[in-house]
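First comes the structure, then the notes that go with it.
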Amino acid sequence: MMDNFNIFEQACKYISEKMCEFKDVLNVKISSLEKAEWSYDKGSIKVCKPDESGRKPRCKTGIKYSLKISLSGDEAEIIWNEFRAFFGKTHISDIERVTGNEELGRYKFIAKNSKGDEILCSIYLPNEWNIPQIGLLGFVSSRYKKTDYVE
């Protein structure tokens, strides 16, 4: 699994890998995604204020896979089941489904952990309010780089 999930570079690699693996699972489970060309954004690193020792932790925001595609409500349910099963076996296994906007065709699934890392899956079904799409968005909470890390 992970050598040390407390080190920034390793946490970033882990979150990015899990997002890619989940995208690949969806490409197999949802036939309309099989040959889809997802767009990818590696995100950006933010540097936090120095701590009392002068070391600066970092976080990473905007790790993203996205695809403009029309999905159905049934496909959104399949994706929810896959999301729950997949991320339930990872270091980001606190799973939540936000149902408040599903009547508008907007689905939101969140996987997070106690360190503050988060992966969000959002699905917009086609209708007059939505541009049909699916997206995975990742966030790595603040940690020290390997060179700054002290056990």
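Computed from a predicted model, the values in this text were never measured in an experiment.
Contact detail for Ile79 and Phe22: the closest heavy-atom pair is O-CZ, 4.1 Å. For the residue pair Glu75 and Ser70, the shortest heavy atom distance occurs at OE1-O, 4.3 Å. Summarising the geometry of Gly88 relative to Ile95, their closest heavy-atom pair is N-CD1, 4.0 Å, with the distance given to 0.1 Å. Here the shortest heavy-atom pairing between Ser141 and Gly116 reads CB-C, 3.7 Å. The minimum heavy-atom distance linking Val140 with Ala11 is given by the pair CG1-CB, 3.9 Å.
Residues that satisfy the side-chain hydrogen bond (donor to acceptor under 3.5 Å, both in side chains) test with Lys56, not counting sequence neighbours, are absent from this structure. Every residue two or more places apart in sequence or in another chain was checked for a side-chain hydrogen bond (donor to acceptor under 3.5 Å, both in side chains) with Gln133, and none qualifies. Listed by chain and number, the residues in a ring-ring contact (aromatic ring centres under 6.0 Å, His included) with Tyr107 amount to none (sequence neighbours excluded). Considering only residues two or more places apart in sequence or on other chains, Asp94 meets the salt bridge (Lys or Arg N to Asp or Glu O under 4.0 Å) condition with none of them.
Counted by atom type alone, Asp117 and Tyr14 present zero donor-acceptor pairs between their side chains at under 3.5 Å. When only modelled atom types and interatomic distance are considered, Ser53 and Arg55 share a side-chain donor-acceptor pair under 3.5 Å.
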Stepwise side chain to side chain contact (heavy atoms under 4.5 Å, CB included) test for Arg97 and Arg84: CA-CA 9 Å; Arg97 179 175 179 165; Arg84 200 173 48 195; over 6 Å; no
Residue pair Ile123, Phe109: steps toward the side chain to side chain contact (heavy atoms under 4.5 Å, CB included) verdict: CA-CA 9 Å; Ile123 302 166; Phe109 315 136; 3.8 Å; yes
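Going from atom CG of Asp51 over to atom NZ of Lys49 covers 12.5 Å, rounded to the nearest 0.5 Å. The CZ atom of Phe87 lies 7.5 Å from the CE atom of Met19; values are rounded to the nearest 0.5 Å. A distance of 11.5 Å separates SG in Cys12 from CD1 in Ile7, rounded to the nearest 0.5 Å. Put simply, CD on Gln10 and CZ on Arg143 are 10.0 Å apart, with the number rounded to the nearest 0.5 Å.
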Contacts under 3.5 angstrom, residues 29-39 side chains, donor-acceptor by atom type, not counting sequence neighbours:
| unit_1 | atom_1 | unit_2 | atom_2 | d |
| --- | --- | --- | --- | --- |
| Trp38 | NE1 | Asn27 | OD1 | 2.9 |
| Ser39 | OG | Ser66 | O | 3.2 |
| Ser39 | OG | Ser66 | OG | 2.7 |

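Glu17 has its side chain out of reach of Cys20: every pair of non-hydrogen atoms, C-beta onward, lies at least 4.5 Å apart. Taking the side chain as every heavy atom from C-beta outward, Lys46 and Thr61 approach each other to under 4.5 Å. Pro57 is listed as a side-chain neighbour of Tyr144, based on a closest heavy-atom distance under 4.5 Å. Contact annotation: the side chain of Asn113 never approaches that of Thr90 to less than 4.5 Å [non-hydrogen atoms, C-beta and beyond]. Taking the side chain as every heavy atom from C-beta outward, His91 and Lys115 never approach each other to under 4.5 Å.
Other members of the cluster containing Leu104 are Trp129, with ILVMFWY side chains joined at under 4.5 Å, either directly or via other members.
A continuous path of hydrophobic side-chain contacts links Ile15 to Tyr40 [ILVMFWY only; heavy atoms under 4.5 Å]. When the side chains of ILVMFWY residues are joined at heavy-atom separations under 4.5 Å, either directly or via intervening members, Tyr65 and Ile78 end up in a single hydrophobic cluster. A single hydrophobic cluster is seen to contain both Leu136 and Ile63, as judged by linkage of ILVMFWY side chains at heavy-atom distances under 4.5 Å, directly or through other members. By the criterion of side-chain heavy atoms lying less than 4.5 angstrom apart, applied directly or through intervening Ile, Leu, Val, Met, Phe, Trp or Tyr residues, Leu125 is grouped together with Ile69 in one hydrophobic cluster. Put simply, Val25 and Leu67 are part of the same group of oily side chains (I, L, V, M, F, W, Y) that touch within less than 4.5 Å, one to the next.
Contact check on Glu9 versus Lys60 returns no salt bridge, with no Lys/Arg side-chain nitrogen under 4.0 Å from an Asp/Glu carboxylate oxygen.
Ring geometry for Phe83 against Trp80 counts as parallel: the plane angle stays under 30°, on a 0 to 90° scale with 60° as the upper cut.
Surrounding NZ of Lys64 are at most 12 heavy atoms belonging to other residues, nucleotides or ligands under 6.0 Å away.
A distance-only check finds no donor-acceptor pair linking the side chain of Glu102 to the backbone of Thr99 [under 3.5 Å].
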